[in-house]
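Heads up: numbering here begins at 1 and tracks the sequence.
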Amino acid sequence: MTKILRLRLSDFARRLAYGAAMSAGLLMLGMAPAEAAKTTLNIGMSVEPTGLDPTIAAPVAIGQVTWQNIFEGLVAIDESGKIVPQLAKSWDISPDGLTYTFKLQTGVKFHDGEAFDATTAKFALDRARDAKSVNPQKRFFATIASIDTPDPETLVLHLSSPTGSLLYWLGWPSSVMVGSKSAADDKTTPVGTGPFKFSAWGKGDHVELVKNPDYWNKSVDVKLDKVTFRFISDPQAEAAALKAGDLDAFPEFAAPELMSSFDGDARLMTKVGNTELKVVAGMNNTRKPFDDKRVRQALMIALDRKTIIEGAWSGFGTAIGSHYTPNDPGYQDLTGTLPYDPAKAKALLAEAGYPNGFTFTIKTPQMAYAPRSAQVMQAMFADIGVTMNIEPTEFPAKWVQDVFTGRDYDMTIVAHAEPLDIDIYSREPYYFNYKNPVFNELMKKIQLTADPAVQNKLYGEAQSILAEDAPALFLFVMPKLGVWDKKLKGLWENEPIPSNVLANVSWED
């Protein structure tokens, strides 16, 4: 027995030695097994969402966490701004533009197991267009007169009038599909059909998502097992978290003055992309003296946009002359319509009955670009005899209450993130209190056609009206300033829709 034991021990020793030798050989030959790629991601955001259901509230932070991650739509908008199929694999539009027939994907389930089919799609759209709907883009669904579901795979929308932007609108966060069993609780525990499932929300700190193992779209190879969105509002703290490795990415870095601090960093890279973020100083067009176009024009030409961009966003940004970005179809550069001219501004004020200027208050949301822009504007207005007092306003709660909903303000400043949202100047009520029947008619005509050339011409006319009327002071388009780990692949560099699309994000091996 002792002899057998010795033989077994000897055999074990030989095997151990052989394994060690093989390991050493592999190491010497550089053939050691590669370290597995990371499957977790810590991503930073400056603003925490107020909820997690983009179909019931407007703040863009909601979609930046949930759109294309938890929730999906009949169609989606890709990084280039193109409409692509999603839960609807195809569609057909009748010649008169009044009937949209969608063929839906099969075998799709919500994260709680509820099946997605024509019936649930109808539920989601009926909920969005209902008289009691609180959808922030309820107008998107206003022309849907009725919905038919001839079979589980077919959804038919009957419109009361042609709506040229309907497909595009159906790709927005506010148009995502929600389940009939879970919709009521989506604000705090969202349930969608997407590649990630909601896991946890530590209020004031983070939201955690985990990979959906039963994701219907097998053509997408989801590499991340867990994603944690961390909310940090202080720019210095954002930079520190990135440099310390506590964050892997900050796709919308909120401190342009700190971008150069990442130059030469061994781990991090920076990206400058485009967005739809139009920074405008909106005026209450029914409140004196802003009800006089000459006053609004005077304030516009009192501003040197280049200096504002330098002071507010460290030179990152593109000046605009209307509520439109260079990314948008039919864009026109209208910065020359009311160019910087302080002497002419004074003359216009005198003509309007304010030779000695006037005093007013601007309510600035507490986001870096707003107070910085306001401070530069304050000095420029002083040059033409106008005194502007700056009132910091909590965002979003207080700003939404006072400005957006209450319309109790003189002037404000905010970055409008919605793409192709020039039609906000025709909405009633809207916080600008701007009314122009000619402009309103143009917005209607745009929806009566799906011809891009005709739409672009009409969009051009609409831009010109706003540039001349100046219902708001059109300042600049903010770029997308991204900072992330060099080994991280698949994050969007551009932002046609405010988002953090993660299905194709991965780490290099």
Side-chain angles (χ1 to χ4, degrees), residues 36-43 45 49 51-56 61-79 84-89 104-121 123-124 152-153 170-202 206-230 248-249 251 488-492 497-507:
K38 284 177 64 176
T39 59
T40 61
L41 175 66
N42 289 318
I43 189 167
M45 287 177 54
L52 296 174
D53 182 356
T55 70
I56 64 170
I62 301 173
Q64 287 174 319
V65 171
T66 65
W67 185 71
Q68 297 303 304
N69 298 325
I70 296 174
F71 293 114
E72 299 176 305
L74 293 174
V75 298
I77 308 298
D78 68 12
E79 188 180 0
V84 294
Q86 194 158 71
L87 294 175
K89 57 186 175 183
L104 306 181
Q105 304 283 358
T106 57
V108 179
K109 290 187 176 181
F110 286 89
H111 300 151
D112 62 355
E114 180 181 1
F116 169 79
D117 56 18
T119 301
T120 45
F123 163 80
E153 299 175 31
L170 288 175
W172 282 39
S174 55
S175 302
V176 295
M177 296 290 100
V178 295
S180 60
K181 298 177 181 178
S182 53
D185 298 319
D186 278 342
K187 181 177 180 179
T188 54
T189 52
V191 174
T193 60
F196 294 94
K197 301 168 67 172
F198 171 75
S199 176
W201 186 0
H206 71 278
V207 165
E208 185 177 287
L209 311 182
V210 295
K211 181 178 178 177
N212 175 14
D214 303 314
Y215 184 45
W216 64 271
N217 191 347
K218 303 308 178 186
S219 67
V220 177
D221 184 13
V222 181
K223 299 289 190 182
L224 297 175
D225 290 328
K226 185 174 79 169
V227 177
T228 303
F229 289 90
R230 299 195 180 278
D248 302 310
L488 199 57
K489 306 299 177 186
L491 285 172
W492 282 12
I497 294 276
S499 57
N500 289 300
V501 181
L502 301 173
N504 294 307
V505 173
S506 63
W507 290 93

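- Between Pro152 and Asp117, the shortest heavy-atom contact is O-CB, 3.4 Å.
- When side chains are defined from C-beta on, Pro54 counts as touching Phe71, because their heavy atoms get closer than 4.5 Å.
- The heavy-atom pair separating Ala76 from Gln68 by the smallest distance is CB-NE2, 3.8 Å.
- No side-chain heavy atom of Ile62 sits under 4.5 Å from any side-chain heavy atom of Pro173.
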Report task. List the steps and the verdict of side-chain contact (heavy atoms from CB on, under 4.5 Å) for Ile70 and His111. Result -> CA-CA 9 Å; Ile70 296 174; His111 300 151; 4.0 Å; yes

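- Closest heavy-atom contact between Phe110 and Met177: CE2-O, 3.8 Å.
- Note that NZ of Lys109 and OG1 of Thr120 are 12.5 Å apart. Values are rounded to the nearest 0.5 Å.
- Taken to the nearest 0.5 Å, the NZ atom of Lys223 stands 15.0 Å off from the CG atom of Leu41.
- The two atoms that bring Lys211 and Lys197 nearest to each other are O-CD, 4.3 Å, heavy atoms only.
- Test Val108, Val176, Asn217 against Leu87 for side-chain contact (heavy atoms from CB on, under 4.5 Å) and you get one pass: Val108.
- Leu502 places a side-chain heavy atom less than 4.5 Å from the side chain of Leu491.
- Nearest heavy atom pair, residue Trp67 against residue Trp172, reads NE1-C, 3.8 Å.
- By the side chain to side chain contact (heavy atoms under 4.5 Å, CB included) test, Asp214 is found to be paired with Asn212, residues two or more places apart in sequence or in another chain being considered.
- Lys226 is linked by a side chain to side chain contact (heavy atoms under 4.5 Å, CB included) to Thr40, Glu208, Val210, Thr228, counting only residues two or more places apart in sequence or in another chain.
- Summarising the geometry, atom CD belonging to Gln64 is positioned 11.0 Å from atom CG belonging to Asn69; distances are rounded to the nearest 0.5 Å.
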Identify every side-chain donor-acceptor pair in residues 185-194 under 3.5 Å, counting partners at least two apart or on other chains, and give the distances.
{"from": "Asp186", "atom 1": "OD1", "to": "Val191", "atom 2": "N", "distance (Å)": "3.0"}
{"from": "Thr189", "atom 1": "OG1", "to": "Asp185", "atom 2": "O", "distance (Å)": "3.1"}
{"from": "Thr193", "atom 1": "OG1", "to": "Glu72", "atom 2": "OE1", "distance (Å)": "2.7"}

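- In this structure, a donor-acceptor pair under 3.5 Å is absent between the side chains of Thr106 and Glu153.
- Nearest heavy-atom pair across Leu209 and Val65 is CD1-O, 4.0 Å.
- Taken to the nearest 0.5 Å, the CG atom of Leu488 stands 7.5 Å off from the OG atom of Ser506.
- Going from atom NE2 of His206 over to atom CZ of Phe229 covers 12.0 Å, rounded to the nearest 0.5 Å.
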Requested in this report: Given side-chain contact (heavy atoms from CB on, under 4.5 Å), test Val227 with Asn500 step by step and report yes or no.
Outcome: CA-CA 11 Å; Val227 177; Asn500 289 300; over 6 Å; no

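- Residues Thr66 and Phe198 form no side-chain contact, since every pair of their non-hydrogen atoms from C-beta on lies 4.5 Å or further apart.
- Residue Lys181 places its NZ atom among 12 or fewer non-hydrogen atoms of other residues, nucleotides or ligands, all under 6.0 Å distant.
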